[in-house]
2 protein chains.
Amino acid sequence: MESTNGTATGRAVTLRDVARLAGVSVATASKALNGKQQVRAETRARVVQAAEQLSFSPNTLAQGLITQRSGTVGLLTSDLEGRFSIPILMGAEDAFGSDQTSVFLCDARGDTIRERHHLRALLSRRVDGLIVVGARPDTRPSLGRDLPVPVVYAYSPSDDPADLSLVTDNVDGGRLAVDHLIRCGRRRIAHITGDPGYSAAQDRARGAQARLAEAGLELAGGEVWFGMWSEAWGRGATRLLLDRCPDVDAIFAGSDEIARGVLDVLHEAGRDVPSQVAVIGYDNWTILAANARPPLTTVDMNLEELGRIAAQRLFAAIGGTLGTGVETVPGRLITRESTAPLG
Amino acid sequence: MESTNGTATGRAVTLRDVARLAGVSVATASKALNGKQQVRAETRARVVQAAEQLSFSPNTLAQGLITQRSGTVGLLTSDLEGRFSIPILMGAEDAFGSDQTSVFLCDARGDTIRERHHLRALLSRRVDGLIVVGARPDTRPSLGRDLPVPVVYAYSPSDDPADLSLVTDNVDGGRLAVDHLIRCGRRRIAHITGDPGYSAAQDRARGAQARLAEAGLELAGGEVWFGMWSEAWGRGATRLLLDRCPDVDAIFAGSDEIARGVLDVLHEAGRDVPSQVAVIGYDNWTILAANARPPLTTVDMNLEELGRIAAQRLFAAIGGTLGTGVETVPGRLITRESTAPLG
DNA sequence: TACGTTTCTGAAAACCTTTTCGGTCGACCG
DNA sequence: CGGTCGACCGAAAAGGTTTTCAGAAACGTA
């Protein structure tokens, strides 16, 4: 039976076929292909050659059935359209060697019952482990303690301290940003950020203020400008800021979106960036940061790294036992042209 | 053995356990749970109850082994970080009922040998089908004709006409954009777009010009302004355009990024949008389009829809036979505030 | 009572691979 | 030459499910 355009080509070739062609039993064929010691070099060569000739590829389902290890992990996300899952996913993907482990991607779309649903399906598929990545860097409900596989929470930590969670270090990120501005010689530093209901906003602000305090400085404008995660808020807040505090020489924006708004208004107001006012963003969302005028210095959360670590922890946990608590991954500064030493 | 924090909890519960608890054989247990006719209602109830009590979930690997259907599909992408794969993926995800089918996500990162690698792995896992989504809307090499499973190419069409490809309708998209501008009463319409090496750029331009011709109009500036897919090019081209053709009353930008650049320069030049110049983008990349000043009217490529259709075609093809050729999915206009009737 | 029918149940094969364990064969030693 | 040993190979079980087919039970009919 010929294979015509996607129609399955008869039966798939199995180890039996290989064995038959090589003139050995399936047992030795298996051993030969898996590099076991129990087979003569000459026999092994014959088997390998037969396998290639038939372009045999072992049925992973059957393997999984007997080894009790499927070689798959589930990635349960809640914001696919968001920009957080994707880098994490990529990091995870390349931490598992792609030939060893494949990842099932499930998007729960923020819906708890859909999440339970996906969870059931994944367990039914006998995944070896689970990575749960949330939509925002706030605590999320645990999946529970009595799952048959290890779970790592990424980005959104679990509310159960017995789980293992990996999060970005927002406090340190805020500190990083302000530290950079101070090193640039800035002294009148303002902080415009997003929704105060986000712990990310609070943490970054805390880190920023801590670093300011160390330098004996106060926030320009006297307080953190909380608002929304949008360009429009960036614009609005900047207008107010320039009004109230015209001698500001640096602005730390809580996100690249906000930073875009900040840049816009500074431009309108005729303040040069970076010579008069330095601006730093957060997220390193390339489309926004790299295309800004001028290109935006920003804090990268190292999400791929976070994903990679999540995968490593999970991998280590499979078969072994998992750590607990919240592990924190530091970000890094990406310097572009929106910041520069003063003078 | 207790389950402690992710460590596997002894042996998983199997159909045998259910059968034993219900006092029947595994055969009847299977039939009972799968709604087969061969079992008395009372027996079925007993089995179901036992299954729930043990919270049994069938081993999909074993099922797949015998039914020759794994209930999985592979999604092979080349631009995870890009904005095209994700909506397609989401569309696909919700077209397959999530309890029926799970999707393996693989990112080849534009590397052909990594792609072969992933392909082998997916076939080894006995996926029921494959969706291949490319990074750019140009032709890509076919995976080949003699695969054991059906394949649908999305976004990037395959170079083999015997394959089934689904692409966005760029010609129609260009027409849509210009049609909207004409209906707004605009007559001096310019087109600034990206890299002329992209068929998307060419097609959109062709559609735009076709619609202009129907209205007896010519492109303002005389020609299409090809360049790069960047804000910077949008800015540069707009400056040139205003210079050469100051009475332009509408600009069709080949992407939202370009449109952002266009808006920036118009703003600087003191041209009001939309009262003096209407601007329309392409992609409906929300972060750019909705946050623009003013919010950007744009063409949405309906990528989720494309993903959904891809999944449907694939689903239909599994077991049956697949269509061939290139199928085209129309986009739709998203009107925001950057366009409005003249006067 | 004998027999046919219908309805339900269970044994067993099948899916494909890995792994254990016993067996064969030749070589080597005493 | 008998025995031991090592190297290599194959038969068979296992993993969890579905499906086929034969058998059992219950019931109605002649």
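Here is how names work: the chains are called A, B, and so on, in the same order as the sequence lines, proteins then strands, and each is numbered from 1.
Residues B:Asp128 and B:Leu314 have side chains not in contact (no heavy-atom distance under 4.5 Å, counting atoms from C-beta outward). Taking 4.5 Å as the limit, every side-chain heavy atom of B:Ile88 sits out of range of all side-chain heavy atoms of B:Arg308. Counting heavy atoms from C-beta on, the side chains of B:Val329 and B:Thr168 never come closer than 4.5 Å.
Defined by atom type and a distance below 3.5 Å, a donor-acceptor pair is missing between the side-chain atoms of B:Ser102 and B:Thr72.
Ranking D:dC8, C:dC8, C:dT18 by closeness to the A:Gln63 side chain, first place goes to C:dT18. Checked against C:dT17, D:dG16, D:dC9, the side chain of B:Thr14 finds its nearest nucleotide in D:dG16.
Across residues 24-32 of chain A, A:Val24, A:Ser25, A:Ala27, A:Thr28, A:Lys31 each have a non-hydrogen atom less than 4.0 Å from an atom of DNA chain D (numbered order).
Dashed line: the shortest gap from a side-chain N or O of B:Thr67 to OP1 or OP2 of D:dT17 is not under 4.0 Å. For D:dC9, neither phosphate oxygen OP1 nor OP2 lies less than 4.0 angstrom from any side-chain nitrogen or oxygen of A:Gln38. Contact between the side-chain N/O atoms of A:Asn59 and the OP1/OP2 oxygens of C:dC15 is not found at any separation under 4.0 Å.
A salt bridge does not link A:Arg120 with A:Glu115: none of the charged nitrogens is closer than 4.0 Å to a carboxylate oxygen.
Every residue two or more places apart in sequence or in another chain that forms a side-chain hydrogen bond (donor to acceptor under 3.5 Å, both in side chains) with A:Ser85 is listed here: A:Thr77, A:Asp79.
The residue B:Thr60 sits apart from the nucleic acid: no heavy atom pair falls under 4.0 Å.
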